[in-house]
Amino acid sequence: MSRQLISASRITIRHANGFVALEDFSLQVEEGEFVGIVGPSGCGKTTFLDAVAGLIPVASGELLFNGHAVKGVVPGEVGYLFQKDSLLPWRTAYGNVCAALELKGVPKAEWPARANEVLHKVGLGRFTDRYPSQLSGGMRRRVQLAVLLAFDPPVILMDEPFGALDAQTRTIIEDDFLRLWGENRKTVLFVTHDLEEAICMCDRVVILTAHPGTVKEVLHVPLPRPRTVDEAKFADGFQPTLRTLSTSLRAEVGRTLAL
Ligand SMILES: Nc1ncnc2c1ncn2[C@@H]1O[C@H](COP(=O)(O)OP(=O)(O)OP(=O)(O)O)[C@@H](O)[C@H]1O
Ligand SMILES: [Mg+2]
């Protein structure tokens, strides 16, 4: 039986300057779910991921992780793929993965085998000794995925993870991530501005309102798994879901621009 891993009940989040970013926001996520979050720029998507990661406290309401109130960062609990590169520039791809293994408390003797295994899985077996500056944008994202795999957290937070990539690289890396995710079905919160990507990747897509963000609507993605991006885009349920999502979101983006 699946259990609730993340539960936000009517939370409000204020930034340090008092600015209310999210208001009366509720969302329940079950273990193993792949949940997309879309919404107008500035509506509070990143703020929500930050709160789940324990980087920012909730001002009111209740935010539970695995049944316990989130009170700060708990190492090992969530893996966070930030929008911008978060690799250590002075460490090679291999070194970056080892940093995650060290943080996780994996015995040093196991690092070489584990690091090489995850780098191989993301297709970087031949580039383990490259520094981030010697890798392309797509390859750096792959190293970050390898770091996540090494870290192996129960929850993965992804903030526009593939937004900066060209369309072809992006489809390949999305397919890779879908395949890797299918191997152990971690819980994923996936923020994106790309509605097609949201449908291809996710089980459900949460649409947020214009700022201050709250949940406007949750759409179930009626597509079978396992799936690739192309299979998803040509499946029967894809276009109707895209139309519903797009109409719902456009209204909120319109409200944001009118503010
Ligand atoms: N550190 C901060 N201090 C004060 N206000 C902030 C801070 N970070 C974000 N905000 C504000 O909180 C609101 C939500 O920001 P957030 O970054 O969560 O939006 P977002 O939905 O992720 O937007 P985008 O799609 O552009 O990434 C915005 O109005 C933003 O200006
Ligand atoms: Mg953001």
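Quick note: residue numbers are just sequence positions, from 1. First listed ligand is number 1; within each ligand, the first listed atom is number 1.
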>> Please check: side-chain N/O of Thr247 versus main-chain N/O of Arg243, any donor-acceptor pairing under 3.5 Å?
In response: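 It does hold such a pair.
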> Is the ring centre of Phe127 less than 6.0 Å from the ring centre of His120?
Replying inline: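 No, too far apart.
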For [X], is at least one N or O under 3.5 Å away from an N or O on ligand 1?
X: His211; result: no
X: Cys43; result: yes
X: Phe19; result: no

> Side chain, backbone, both or neither: which part of Thr47 has a heavy atom under 4.0 Å from ligand 1?
Replying inline: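 The answer is both, backbone and side chain.
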> Quick one: does Leu27's side chain get under 4.5 Å of Val29's, heavy atoms only?
Replying inline: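 Yes, close enough: below the 4.5 Å cut-off.
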> Does atom CZ of Arg14 have more than 12 heavy-atom neighbours from other groups under 6.0 Å away?
Replying inline: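 At most 12 heavy atoms, drawn from other residues, nucleotides or ligands, come within 6.0 Å of this atom.
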>> A quick test of your reading: do over 12 heavy atoms of other residues, nucleotides or ligands sit less than 6.0 Å from CG of Asn184?
In response: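 Enclosed: over 12 neighbouring heavy atoms sit under 6.0 Å from CG of Asn184.
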>> So is Ala16 touching ligand 1 or not, going by heavy atoms under 4.0 Å?
In response: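 Judged by the 4.0 Å heavy-atom criterion, Ala16 does not count as contacting ligand 1.
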>> Which residue and atom name correspond to the protein heavy atom nearest atom 13 (C) of ligand 1, and how close is it?
In response: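 I find the closest protein heavy atom is Gly42 O, 3.5 Å.
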> What residue and heavy atom of the protein are closest to atom 3 (N) of ligand 1, and at what distance?
Replying inline: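 Protein heavy atom with the smallest distance to atom 3 (N) of ligand 1: His15 CB, 3.4 Å.
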